[in-house]
Each structure stands twice: as C-alpha cells, then as structure tokens.
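Scope of the values below: all heavy atoms of this structure, side chains included, with no hydrogens, waters or symmetry mates. These numbers come from a predicted model, not from an experiment.
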Amino acid sequence: MTPEVPGDHWEVEALYDTCFAPGREALSSYRLRDGVPPVAGLNHVARDSGGILAGAIRYWPVRIGAAKALLLGPVAVHPTRQGEGLGAGLIETSLAQAAPLGWERVMLVGDAPYYNRFGFALLQGVEMPPPTNPARILGRALTEGAWAGVTGKVRRWHD
C-alpha cells in the first residue's frame with residue numbers, strides 16, 4: 001500500500017467504475033464529496049509487482065453538527081484480486097494513520113457484516129442525505145468516546 005498521488009487519479013476512477021454499478025456518482029455520499037478534496041495522507045493504492053492497480057481507498061471530510069468526521073469510501077479491489085486481503089489491508093493501513101492526523105471518528109455507508117471486523121458499528125442518530133438506508137450508516141471511534149453525543153445530519157465539509 002502506498003499513498004495515492006495525483007497521477008493515480010484517473011486510474012483509481014477507472015477502478016471504481018469497474019467495481020461499482022453505473023451511476024455510482026449519483027449516490028448521496030457523492031453529494032458530500034462534490035467540490036471537496038479528499039483528505040491528504042489517507043488515500044492509498046495497492047499495486048502488484050508490475051505496477052498494476054489492484055485496489056484503492058479514499059477518505060473525505062464531513063461534518064455532523066459541530067463535529068468533524070471522516071467519510072470512508074470508496075474502497076475497491078479489482079475483481080481479479082478480490083479475496084486476497086487487499087481491501088482489509090487498505091482499510092487497516094489508512095485507519096491506523098487517521099488518528100495521528102487529528103481525526104477522532106470515521107463513518108461510512110456499507111454492509112455491517114463486512115465492516116464490523118474493522119470496529120465499525122451502526123450509528124444511531126446520524127443521518128446521511130437520502131436515499132440512504134439508516135441500517136448501513138456505520139461508524140468507528142478513533143479516540144475513546146469520539147461518537148458520544150454526535151448526532152444529526154451529515155453535511156459537506158464546506159457548507
């Protein structure tokens with residue numbers, strides 16, 4: 001895993017297009033990312049020994065009330081490389097770097113059975129823009145008690 005650099009951008013976008021359904025940018029999480037740069041130092045790529053892109057992860061800053069949080073995603077692994085632990089490696093590597101950069105909490109929209117193993121749990125009272133299934137809004141505290149009392153609508157970083 002290495003940090004994503006500007007030259008990786010379009011290759012990562014092509015990986016996301018391969019891994020996700022058409023229209024992925026119409027999802028509510030993309031509205032939170034629109035016009036906001038990803039968080040420097042947390043976006044990573046995984047390449048094989050030949051330099052071929054196998055996986056990528058990005059993070060975006062968001063706000064919930066007065067609290068700041070990281071929005072994890074997208075994270076993707078090329079279909080030919082799934083099952084090798086690359087996704088887990090990308091998640092674990094990047095999460096380990098988030099707290100030292102001053103982040104206290106991270107959230108995502110995803111499947112609890114997959115993300116529970118990384119310490120993510122259902123967030124109560126945190127509302128993503130519609131149409132987001134509330135059962136898929138998950139969070140992880142990077143510092144003790146970081147989600148205590150944090151409720152409300154998730155907003156763009158600059159709004």
Student check: side-chain heavy atoms of Ile91 and Tyr114 closer than 4.5 Å: yes
Separation between CH2 of Trp60 and CG of Leu42, rounded to the nearest 0.5 Å: 12.0 Å
For Leu142 against Leu70, the heavy-atom pair lying closest together: CD1-CD1, 4.5 Å
CE-CG distance between Met107 and Leu71, expressed to the nearest 0.5 angstrom: 6.0 Å
Under the side-chain contact (heavy atoms from CB on, under 4.5 Å) test, residues paired with Pro134 that sit two or more places apart: none
Rounded distance (nearest 0.5 Å) linking atom CG of Asp34 with atom NE2 of His158: 10.5 Å
Within-4.5 Å side-chain heavy-atom neighbours: Leu101 and Tyr59: no
Pairing residues for Thr93 by the side-chain hydrogen bond (donor to acceptor under 3.5 Å, both in side chains) criterion, not counting sequence neighbours: none
Residue pairs fulfilling side chain to side chain donor-acceptor pair (under 3.5 Å) with at least one residue in residues 103-112, sequence neighbours excluded: Asp111-Arg136
Closest heavy-atom pair and its distance - Val36, Pro61: CG1-CG, 3.7 Å
pair Arg33-Pro74: side-chain heavy atoms closer than 4.5 Å: yes
CA sep, side-chain torsions, deciding dist, call: Ile137, Thr132, side-chain contact (heavy atoms from CB on, under 4.5 Å): CA-CA 8 Å; Ile137 302 172; Thr132 302; 4.0 Å; yes
side-chain contact (heavy atoms from CB on, under 4.5 Å) evaluation trace for Thr151 with Gln124: CA-CA 7 Å; Thr151 61; Gln124 300 290 335; over 6 Å; no
Separation between OG1 of Thr2 and CG of Asp8, rounded to the nearest 0.5 Å: 6.5 Å
Under the side-chain hydrogen bond (donor to acceptor under 3.5 Å, both in side chains) test, residues paired with Glu11 that sit two or more places apart: Arg47
Heavy-atom pair with the smallest gap, counting every atom of Val77 and Gly87: CG2-N, 3.5 Å
Which residues share a side-chain contact (heavy atoms from CB on, under 4.5 Å) with Pro130, sequence neighbours left out: none
Within-4.5 Å side-chain heavy-atom neighbours: Leu95 and Phe120: yes
Set of side-chain hydrogen bond (donor to acceptor under 3.5 Å, both in side chains) partners for Asn116, sequence neighbours left out: none
CG on Leu32 to NZ on Lys153, rounded to 0.5 Å: 12.0 Å
Verdict with reasoning, Tyr115 to Val75, per side-chain contact (heavy atoms from CB on, under 4.5 Å): CA-CA 12 Å; Tyr115 289 103; Val75 57; 3.4 Å; yes
Selection residues 112-135 - residue pairs positive for salt bridge (charged side-chain N to carboxylate O under 4.0 Å, His left out), sequence neighbours left out: none
All pairs passing side chain to side chain donor-acceptor pair (under 3.5 Å) where residues 72-87 contributes a residue, at least two apart: His78-Thr80, Arg81-Glu84
Interatomic spacing from CG in Leu138 to CG in Leu72 - rounded to 0.5 Å: 10.5 Å
Residues that Glu4 engages under salt bridge (Lys or Arg N to Asp or Glu O under 4.0 Å), provided they are two or more places apart: Arg58
Over all atoms of both residues, closest heavy-atom pair of Arg140 and Trp147: O-NE1, 3.1 Å
Partner set under side-chain hydrogen bond (donor to acceptor under 3.5 Å, both in side chains) for Gln97, not counting sequence neighbours: His44
Closest non-hydrogen atom pair between Pro79 and Thr18, with its separation: CD-CG2, 3.9 Å
Heavy-atom closest contact (Val45 atom, Leu90 atom, distance): C-CD2, 4.1 Å
